[in-house]
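Have a look at the structure below before the remarks.
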Amino acid sequence: MPRLPRSFFARPCLQVAPDLLGLYLVRGDFAGRIVEVEAYVHEEDQACHARVGRTRRTEMLYGPPGYAYVFLIYGMYDCFNVVTEAEGSPAAVLVRAVEPVPPLEGGTDGPGKLCRALGINRAHNGQDLVDGALVWIERRNRKKVKIATTPRIGVDYAGEWALRPWRFIDADSPWVSKARGVKAPTGSASRPSRRSPRTR
DNA sequence: GGCACGATTGCT
DNA sequence: GCAATCGTGCCT
């Protein structure tokens, strides 16, 4: 199955993010069909780790595209990101949920949970997704993905940047995370019945 | 050196 | 609703 080439990741982050939906994140004998991602774009994005500029932690974001950026959050969960755009341009895509194939123990609906289930941790930070042997992204089919967007999860501290619709999900997938903290899904299934009378 | 906080999750 | 748990960035 064809791995994605460097050129795929070298494009603008907001183009790469939705294009990752429907592709497969492969780690050892396991893989996950990507159904939910978020884009974190440049230093001005107050939700992006690069908002603090170059540090030991953010150095990966400034590196060349097609590498893994894995960080520890809340002292106990790892989050897997794909570095995008040219070297020197800090932008990455967080993988938030996958459909496990084959089925896995433990959920994969959430950035911390999918890393735990697939065995991804900080040792994978800096791994080459194009030529590396530990983790990569590949295409397994050309099936179309119906894409929906929402604001990103858990970044309310970022002010108006938190309102940008930079979370991309496969609108038809039941494997998307529950995303506590989201007020209202953008257009689809679980809205309150349209004609609920709300008598008064 | 100390401290507040986080791209989350599971349990009360 | 809230605690767990520790690396990071900034300050005290």
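Convention: sequence-line order gives letters A, B, ...; per-chain numbering from 1.
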**Request:** Please state how far atom CD in A/Gln46 lies from atom P in B/dC5, giving the value in whole angstrom units.
**Result:** 17 Å
**Complete:** Among the nucleotides B/dA7, B/dG10, B/dG6, whichever has the atom closest to the side chain of A/Tyr74 is B/dG6
**Message:** In whole Å, I'd like the distance from the CG atom of A/Leu61 to the C1' atom of B/dA7.
**Reply:** 11 Å
**Prompt:** When the ring planes of A/Trp161 and A/Trp166 are compared, do they come out parallel, tilted or perpendicular, using 30° and 60° as the limits?
**Reply:** tilted
**Item:** Minimum-distance nucleotide to A/Val52 side chain [options: C/dG9, B/dG6, B/dT8]
**Value:** C/dG9
**Request:** With heavy atoms under 4.0 Å as the rule, sort A/Leu72 into base, sugar-phosphate or nothing.
**Result:** sugar-phosphate
**Prompt:** Given C/dG9, C/dG7, B/dG10, which nucleotide is nearest the side-chain atoms of A/Arg122?
**Reply:** C/dG7
**Asked** Quick one: which of B/dT9, C/dG9, B/dA7 gets closest to the side chain of A/Thr55?
**Response** C/dG9
**Asked** What nucleotide among C/dG1, C/dG9, B/dA7 has an atom nearest to a side-chain atom of A/Arg180?
**Response** C/dG1
**Message:** Categorize A/Arg152 for me: base, sugar-phosphate, or nothing, with a 4.0 angstrom heavy-atom threshold over every strand shown.
**Reply:** nothing
**Prompt:** So does A/Asp128 pair up with A/Arg6, basic N to acidic O under 4.0 Å?
**Reply:** yes
**Request:** Return yes if the base of C/dG7 and the side-chain atoms of A/Arg56 contain a donor-acceptor N/O pair under 3.5 Å, otherwise no.
**Result:** no
**Request:** Starting at atom CG of A/Asn125, determine the distance to atom C1' of C/dG7, rounded to an integer number of angstrom.
**Result:** 13 Å
**Item:** Integer-rounded Å distance: B/dA7 P and A/Leu114 CG
**Value:** 16 Å
**Prompt:** When clusters are formed by joining ILVMFWY residues with side-chain heavy atoms under 4.5 Å apart, either directly or through shared neighbours, do A/Phe71 and A/Tyr67 land in the same one?
**Reply:** yes
**Nucleotide C/dG9, atom P - distance to CZ of A/Phe71 in whole Å** = 12 Å
**Message:** Do A/Val37 and A/Val82 have side chains that approach each other closer than 4.5 Å (heavy atoms only, starting at C-beta)?
**Reply:** no
**Request:** Check whether the aromatic ring of A/Tyr40 stacks on the base of B/dA7, taking stacking as ring centres less than 5.5 Å apart and planes within 30° of each other.
**Result:** yes
**Item:** A/Tyr77 aromatic ring stacked with six-membered ring of B/dT8, 5.5 Å and 30°
**Value:** no
**Item:** Note: A/Arg164-A/Asp45 ion pair, threshold 4.0 Å (strictly below)
**Value:** no
**Item:** A/Arg116 CZ to C/dT5 P, straight-line distance once rounded to whole Å
**Value:** 14 Å
**Nearest-Å distance for atom pair CD1/C1', residues A/Ile73 and C/dT5** = 11 Å
**Item:** Main-chain N/O of A/Val130 paired to A/Arg3 side chain as donor or acceptor, under 3.5 Å
**Value:** yes
**Asked** Taking only side-chain nitrogens and oxygens of A/Lys113, does any of them come within less than 4.0 Å of OP1 or OP2 of B/dG10?
**Response** yes
**Out of C/dG9, B/dT8, C/dT5, whichever nucleotide has its closest atom nearest the side chain of A/Met76** = C/dT5
**Message:** Check A/Lys143 with A/Asp170, please: is the shortest side-chain N to carboxylate O separation under 4.0 Å?
**Reply:** no
**Asked** Which string of ( ) [ ] | and . matches DNA chain C, if you list each base 5' to 3' and count Watson-Crick or G-U pairs only when both distances are under 3.5 Å?
**Response** ||||.||||||.
**Request:** Identify the heavy atoms of A/Pro65 and A/Glu87 that sit nearest to each other, and give their distance.
**Result:** CD-N, 4.3 Å
**Message:** In whole Å, I'd like the distance from the CG atom of A/Asn81 to the P atom of B/dT8.
**Reply:** 11 Å
